[in-house]
Amino acid sequence: MKVDPLLERLVRELSPKPAYVMNPWWDLLAYNDAYAELLGGLDQRAADERNILWITFTESRGSGLFVDWLSEARSLAGQLRVALARYPDDPRGPALLESLLDSSDAFRALWDERSVSGFTSARKELRHPRLGRVDLDYLQLADAHDEKLSLIVFLPVQEDGSE
């Protein structure tokens, strides 16, 4: 899936705020240095291994990054269920589901809960190995030219707690 060069530029220009572009299957199609630093190790991966679900469920870096990993993981499993229903003819979804079911007991347990959830802007509470505790608000913006692409942007939490 191709990302518009102007959208890629926007992602880069948003730095130092972490940002990325993903498809419905959480494949990272473009990201800036701030997001690469936050998640860690992205540039050392092959493009087909840059997947948020895969990292979250199969790698210790993914499970150790979130303060409340279980809530995050449950939400992601529910969002995957929605994406599979929304894009039933896209072979990437079932292939990703199969690989997660084969590779992660935690994913399999959450998938069996049959939860369904949509994306909502919220706060991510992270434990970063180098930066320590990092709290970020994040939102998702749809690409007007391709409904399968989303831009995710992380914003620093306001000190006074306001939005």
Side-chain angles (χ1 to χ4, degrees), residues 1 3-83 86 96 100 104 106-107 110-111 113 115-163:
M1 186 171 282
V3 177
D4 181 282
L6 192 56
L7 182 56
E8 286 187 38
R9 181 176 152 209
L10 173 62
V11 168
R12 285 191 311 274
E13 294 285 333
L14 284 167
S15 206
K17 292 168 180 62
Y20 62 90
V21 176
M22 70 175 189
N23 63 17
W25 316 115
W26 288 265
D27 293 316
L28 293 167
L29 305 175
Y31 54 88
N32 62 19
D33 291 341
Y35 186 72
E37 168 69 18
L38 190 64
L39 201 57
L42 291 178
D43 293 333
Q44 289 75 37
R45 304 172 162 276
D48 62 344
E49 294 176 358
R50 294 180 193 145
N51 181 279
I52 294 169
L53 291 170
W54 185 259
I55 293 167
T56 300
F57 286 103
T58 66
E59 298 182 12
S60 62
R61 119 182 47 186
S63 62
L65 186 62
F66 299 102
V67 170
D68 185 358
W69 181 86
L70 184 58
S71 291
E72 181 69 22
R74 184 172 281 124
S75 174
L76 286 172
Q79 290 177 60
L80 178 57
R81 195 176 292 283
V82 170
R86 186 170 183 191
L96 177 62
L100 288 167
S104 171
F107 178 80
L110 290 172
W111 189 254
E113 289 180 7
S115 67
V116 175
S117 60
F119 181 95
T120 57
S121 295
R123 181 157 296 157
K124 295 264 189 204
E125 298 171 336
L126 308 172
R127 275 187 304 259
H128 192 273
R130 191 178 65 74
L131 303 173
R133 172 75 182 250
V134 179
D135 292 349
L136 298 166
D137 293 326
Y138 70 104
L139 68 150
Q140 179 180 36
L141 304 169
D143 184 319
H145 300 289
D146 187 341
E147 72 166 17
K148 287 187 168 185
L149 297 181
S150 297
L151 169 66
I152 310 297
V153 179
F154 294 82
L155 302 171
V157 172
Q158 296 290 319
E159 292 300 320
D160 63 4
S162 65
E163 294 297 315

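Because the structure is predicted, anything quoted here is derived from the model rather than measured. Numbering of residues begins at 1 and proceeds along the displayed sequence.
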**Study point:** Interatomic distance, Asp4 atom CG to Asp146 atom CG [nearest 0.5 angstrom]
**Key:** 10.0 Å
Point to revise | Backbone N/O of Leu42 and side chain of Arg50: donor-acceptor pair under 3.5 Å | key: yes
Practice item. Show your working on side-chain contact (heavy atoms from CB on, under 4.5 Å) between Ile52 and Tyr20 and close with a plain yes or no. Key: CA-CA 11 Å; Ile52 294 169; Tyr20 62 90; 3.4 Å; yes
Point to revise | Ser104 side chain to Leu100 backbone, donor-acceptor under 3.5 Å | key: no
Point to revise | Side-chain heavy atoms of Leu131 within contact of Val134, under 4.5 Å | key: yes
Review point. Are Leu10 and Leu151 close enough that some pair of their side-chain heavy atoms sits under 4.5 Å apart?
Key: yes
Check your understanding: Does a side-chain heavy-atom distance below 4.5 Å link Asp143 with Leu7?
Key -> yes
Exercise for review: Evaluate the side-chain proximity of Thr56 to Trp69: yes if any heavy-atom separation is below 4.5 Å, no if none is.
Suggested key: yes
Would you tabulate the side-chain donor-acceptor contacts of residues 31-38 under 3.5 Å, counting partners in other chains and residues two or more places apart, or write 'none'?
residue: Tyr31; atom: OH; partner: Asp43; partner atom: OD1; Å: 2.6
residue: Asn32; atom: OD1; partner: Ala19; partner atom: N; Å: 3.2
residue: Asn32; atom: OD1; partner: Ala34; partner atom: N; Å: 3.3
residue: Asn32; atom: OD1; partner: Tyr35; partner atom: N; Å: 2.9
residue: Asn32; atom: ND2; partner: Val11; partner atom: O; Å: 2.9
residue: Asn32; atom: ND2; partner: Lys17; partner atom: O; Å: 2.8
residue: Glu37; atom: OE2; partner: Arg130; partner atom: NE; Å: 2.9
residue: Glu37; atom: OE2; partner: Arg130; partner atom: NH2; Å: 2.6

**Study point:** Partners passing side chain to side chain donor-acceptor pair (under 3.5 Å) against Ser75 (at least two apart in sequence or in another chain)
**Key:** Gln79
Practice item. Could you tell me which residues satisfy ring pair (Phe, Tyr, Trp, His ring centres under 6.0 Å) with Trp111, sequence neighbours excluded, listed by chain and number? Key: Phe107
Study note, to complete from the structure: In this structure, CG of Asp68 is separated from CG of Leu126 (nearest 0.5 Å) by 11.5 Å
Review point. Does the side chain of Leu155 come within less than 4.5 Å of Leu139's, by heavy atoms?
Key: yes
Exercise for review: Mark yes or no for whether Arg81, through its side chain, and Ser115, through its backbone, hold a donor-acceptor pair below 3.5 Å.
Suggested key: yes
Review point. Which value, rounded to the nearest 0.5 Å, describes the distance between Asn51 atom CG and Trp25 atom CH2?
Key: 11.0 Å
Check your understanding: Which atom names give the shortest non-hydrogen contact between Leu76 and Leu53, and what distance separates them?
Key -> CB-CD2, 3.6 Å
Check your understanding: What's the spacing between Arg9 CZ and Leu6 CG if we round to 0.5 Å?
Key -> 6.0 Å
Practice item. Measure the spacing between CD of Glu49 and CG of Leu28 and express it to the nearest 0.5 Å. Key: 12.0 Å
Revision key, fill the gap. All heavy atoms of Val82 vs all of Ser117, minimum pair found to be CG2-O, 3.4 Å
Review point. Are any non-hydrogen side-chain atoms of Arg127 and Phe66 less than 4.5 angstrom apart?
Key: no
Practice item. Evaluate the side-chain proximity of Gln140 to Met22: yes if any heavy-atom separation is below 4.5 Å, no if none is. Key: yes
Point to revise | Heavy-atom side-chain proximity of Trp26 to Ile55 below 4.5 angstrom | key: no
**Study point:** Rounded distance (nearest 0.5 Å) linking atom NZ of Lys124 with atom CD of Glu72
**Key:** 3.0 Å
Study note, to complete from the structure: Pro156 and Leu136 have their tightest heavy-atom pair at CA-CD2, 4.0 Å
**Study point:** Salt-bridge present (Glu59, Arg45; N to O < 4.0 Å)
**Key:** yes
